[in-house]
Amino acid sequence: MAALDGLAIAGGETRCEPPTRPPRSKGGAMDWDDVRVFLAVARKGSMRAAGRALGLSQPTIARRLAAFEASFGGPTLFDRLPEGLRLNAAGEQLVAEAESVEDAVLTLERRRAAASPVLSGTVRVSTGECAAGFLARCLSGPTTTALPSGITLELVFAQQEANLARREADMALRHQPPESGDFYISKAGTFACAVYRRRGADADAWVTYPDEQAHYAPARWVQRQVEQTGKPVALRASSMLMHVEAIRAGTARGVLPCYVGDDHPLLERLTPPIPEIAAEYWIIVHRDLRRAACVRAVIDWVKALFAEQRHVLAGVP
């Protein structure tokens with residue numbers, strides 16, 4: 001469901017292959033981590049937001065940014081404004097070169113990870129709430145497909161798609177494949193959706209999404225039903241969990257993935273699967289990382305899950 005795309009839970013565990021950190025030389029060579037901090041502050045507009053993006057404390061961000069600025073003779077590269085930090089002319093001149101360094105280091109990191117034969121570590125997957133819930137329950141749920149024991153799956157959810165080239169995630173499950181980029185892409189499968197209510201409840205009102213998510217396919221479909229039937233909206237909520245709880249309580253009826261609604265003992269399905277809001281999912285991995293043993297194992301696991309559970313996902317009894 002498009003309503004459910006989008007993660008960012010930063011884990012503290014080592015990824016499939018740890019990022020390379022070039023040592024600081026005695027001759028005062030620039031540290032890649034300082035370049036990374038400079039770019040994060042430039043993109044996020046504040047030290048706090050940059051720290052969240054990189055998993056670093058604000059004092060660490062401030063210290064590394066100061067070190068980066070000092071390496072250019074000390075002039076500040078940002079204007080300190082009430083609303084945050086903004087690149088000044090001196091800083092703007094460094095962005096393109098810094099991004100070239102970033103591209104080179106990230107390419108080396110991906111290829112280093114791909115060269116590792118070790119089938120262990122953390123694989124970070126960016127996806128939506130719907131697909132994340134499916135993967136989470138299949139780690140030990142009703143499936144014969146097992147993820148290798150040495151791999152830890154990290155599921156992350158963000159309002160914006162993770163940048164795979166920058167290794168914000170190792171892999172993504174998205175509704176649409178990217179139009180460009182050096183990616184391995186494979187269709188995983190489709191989630192069917194239908195209308196559910198609490199079993200036996202007289203729930204004619206609807207639960208749907210807030211105005212900010214009105215462009216989502218389920219939201220547009222529910223809006224058409226409201227207009228055609230005149231039934232009211234009882235709740236607008238931004239996550240599938242909120243929808244499930246409202247429907248379970250008998251507050252309203254609403255659209256859910258069939259794998260969620262059919263498996264819930266308190267819910268009954270009111271419609272067949274609705275074709276126009278079925279949600280396709282595509283596996284997307286940077287081509288450099290596809291060869292990493294642990295990433296390849298997760299790709300194979302996801303493909304096997306979608307194949308094994310295809311009838312459950314399709315809402316077929």
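Values below: every heavy atom of this structure, side chains too, minus hydrogens, waters and symmetry copies. Quick note: residue numbers are just sequence positions, from 1.
Using a 4.0 Å cut-off between charged side-chain N and carboxylate O, Asp170 and Arg124 make no salt bridge. In summary, Lys303 and Asp300 do not engage in a salt bridge, as defined by a charged side-chain N under 4.0 Å from a carboxylate O. Between Arg43 and Glu99 there is a salt bridge, since a side-chain N of the basic residue sits under 4.0 Å from a carboxylate O of the acidic one. Using a 4.0 Å cut-off between charged nitrogen and carboxylate oxygen, Arg137 and Asp263 count as a salt-bridge pair. Glu245 and Arg248 are joined by a salt bridge, as a carboxylate oxygen and a charged side-chain nitrogen come within less than 4.0 angstrom of each other. Ion pairing between Asp31 and Arg36 fails under the 4.0 Å rule for side-chain N and carboxylate O.
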| task | Go through the steps to decide whether Phe78 and Arg86 satisfy the test side chain to side chain contact (heavy atoms under 4.5 Å, CB included), and finish with yes or no. | result | CA-CA 5 Å; Phe78 293 86; Arg86 186 175 64 193; 5.9 Å; no
| task | Show your reasoning for whether side chain to side chain contact (heavy atoms under 4.5 Å, CB included) applies to Val195 and Arg269. | result | CA-CA 6 Å; Val195 177; Arg269 193 203 290 186; over 6 Å; no
| After noting the C-alpha distance and the side-chain angles of Glu69 and Thr76, does the key distance pass the side chain to side chain donor-acceptor pair (under 3.5 Å) rule? | CA-CA 6 Å; Glu69 290 179 321; Thr76 61; 5.1 Å; no
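A distance below 6.0 Å separates the ring centres of Tyr209 and His243. Annotation: Tyr281 is not in aromatic contact with Phe134 [ring centroid separation under 6.0 Å not met]. Outside the 6.0 Å centre-distance limit, the rings of Phe38 and Phe72 are not counted as a close aromatic pair.
Residue Ile283 comes nearest to Ala188 through the heavy atom pair CG1-CB, 4.0 Å, listed as atom of the first residue, atom of the second, then distance.
In the model, Thr190 has no side-chain atom that pairs as donor or acceptor with a side-chain atom of Glu280 under 3.5 Å.
For the pair Arg290 and Tyr184, the cation-pi criterion (under 6.0 Å, within 45° of the ring axis) is fulfilled.
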